[in-house]
Amino acid sequence: MAMTIDKKLGADIGNMKGDDMSNRRQGLAGVSLHGRTIATLLDVLESSQTTLPQIEDLSEILGVSAQDLRKIFPNEHSVLVAAAEQALVRLMDACVKAVVKVDPQDSVAQFLALGEAYIEWADMHRAQFRLLSDDRMLNLLNVPSLRRYATSLDELMGRMLERARDAGHLAEDENIRLMVLSSRSFAYGLARMVVDQRMSEWYPDTPQVEAAKIALHDFVRRIARGSTRKPN
């Protein structure tokens, strides 16, 4: 997937030259060319928004030949896929680590921990979040190696909600699949607001991530009180 390089991207790449480019290289010293390429791609996307840099642009910033870079990444799309996979691996790792810290018998608390981990990840990795969120750049569902990560996260949410239902925290006839969609949409919306610095519109005196967690807790509390287990 290649996009036409516009004047803005040319200016952004130009701004990365000189001392700034040297500092970037020094900051990635010891990192493999694969890792440096992904980091550089994310830097450029943050500056240019949705304009995809060419392999030649990335090689110029990295200070390597385009020929050498193409030995690792044949085209621009392959760099996007690698960056997305790296982002998804880190997201899954953050989610799993957050969930295992919670009592496995408390599925509602685990569900909250999962949502909080997602919001925190988005805040810490804003360029990655934007990449995964923009279908104009990369449609995850069209790349099998990436789609499995999104599917596994949905399945994890579904299992938690099923356990919550079985424990009497949700209505017995709750549509779990639809609830996964609703919860995923809500968490994504909160993360988007954090990344775009919009939470201050609602909580001006509260840090962005903490404000998002307040809304997340309210959402989960509302769905979790849908029913209580009735005595036999």
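We use all heavy atoms of the structure for the numbers below, so side chains are in, but hydrogens, waters and symmetry mates are not.
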Close side-chain approach of Leu140 to Arg147, heavy-atom, < 4.5 Å: no

Side chains of Phe129 and Ser133, heavy atoms from C-beta outward: is any pair under 4.5 Å? yes

Residues forming a side chain to side chain contact (heavy atoms under 4.5 Å, CB included) with Asp218, sequence neighbours excluded: Arg221, Arg222

Leu112 side chain reached by Met160 side chain, heavy atoms, under 4.5 Å: no

Gln110 and side-chain hydrogen bond (donor to acceptor under 3.5 Å, both in side chains): which partner among Lys101, Arg163, Arg159, Gln105? Arg163

Sequence-distant partners of Asp106, salt bridge (charged side-chain N to carboxylate O under 4.0 Å, His left out), two or more places apart: none

Between Ser200 (side chain only) and Tyr203 (backbone N and O only), is there a donor and an acceptor less than 3.5 Å apart? no

I'd like to check Leu33 versus Val64 (side-chain heavy atoms, cut-off strictly below 4.5 Å). Are they in contact? yes

Quick note, ring pair (Phe, Tyr, Trp, His ring centres under 6.0 Å) partners involving residues 88-108, not counting sequence neighbours, are none

Residues which pass salt bridge (charged side-chain N to carboxylate O under 4.0 Å, His left out) with Glu162, listed by chain and number, not counting sequence neighbours: none

With rounding to the nearest 0.5 angstrom, report the OG1 to CD1 distance, Thr37 to Ile72. 6.0 Å

Whether Asp57 side chain and Gln54 backbone form a donor-acceptor pair below 3.5 Å: yes

Smallest separation among heavy atoms of Gly158 and Ile176, with atom names: O-CG2, 3.8 Å

Under the side chain to side chain contact (heavy atoms under 4.5 Å, CB included) test, residues paired with Met193 that sit two or more places apart: Arg198, Met199, Trp202

Show me, pair by pair, the donor-acceptor contacts under 3.5 angstrom made by side chains of residues 182-191, not counting sequence neighbours?
| from | atom 1 | to | atom 2 | distance (Å) |
| --- | --- | --- | --- | --- |
| Ser182 | OG | Leu178 | O | 3.1 |
| Ser183 | OG | Met179 | O | 2.8 |
| Arg184 | NH1 | Asp154 | OD1 | 3.1 |
| Arg184 | NH1 | Asp154 | OD2 | 2.7 |
| Ser185 | OG | Leu181 | O | 2.8 |

Contacts table for residues 84-96: side-chain donor-acceptor under 3.5 angstrom, sequence neighbours left out:
| from | atom 1 | to | atom 2 | distance (Å) |
| --- | --- | --- | --- | --- |
| Glu85 | OE2 | Tyr149 | OH | 3.3 |
| Asp93 | OD2 | Lys97 | NZ | 3.1 |

Val209: what forms a side chain to side chain contact (heavy atoms under 4.5 Å, CB included) with it, not counting sequence neighbours? Ile119, Glu120, Asp123, Val194, Lys213

Show your reasoning for whether side-chain contact (heavy atoms from CB on, under 4.5 Å) applies to Glu76 and Leu41. CA-CA 9 Å; Glu76 296 77 19; Leu41 171 76; over 6 Å; no

Are there over 12 heavy-atom neighbours, none belonging to Glu201, within less than 6.0 Å of that residue's CD? yes

Minimal heavy-atom distance between Leu114 and Met157, with the atoms involved, is CD2-CG, 3.4 Å

Minimum heavy-atom separation for Ala98 to Val102, with atom names? O-CG2, 3.7 Å

Spacing of CZ belonging to Arg126 relative to CG belonging to Asp196, to within rounding of 0.5 Å: 8.5 Å

How far apart are the closest heavy atoms of Ala66 and Ile55, and which atoms are they? O-CG2, 4.1 Å

Does His34 have any ring-ring contact (aromatic ring centres under 6.0 Å, His included) partners at least two apart in sequence or in another chain, and if so, which? Phe73

Hits for side chain to side chain contact (heavy atoms under 4.5 Å, CB included) against Asn142, two or more places apart or cross-chain, chain-then-number order -> Asn139

Name the orientation class of the two ring planes belonging to Tyr118 and Trp121 (parallel below 30°, tilted from 30 to 60°, perpendicular beyond 60°). parallel

Could you tell me whether the side chain of Leu146 reaches within less than 4.5 Å of the side chain of Leu138, counting heavy atoms only? yes

Would you say the side chain of His169 lies within less than 4.5 Å of the side chain of Ile223, judging by non-hydrogen atoms? no

Got a sec, which residues hit salt bridge (charged side-chain N to carboxylate O under 4.0 Å, His left out) with Arg70, two or more places apart in sequence or on another chain? Glu56

Can you name the residues that form a side-chain hydrogen bond (donor to acceptor under 3.5 Å, both in side chains) with Gln208, not counting sequence neighbours? none

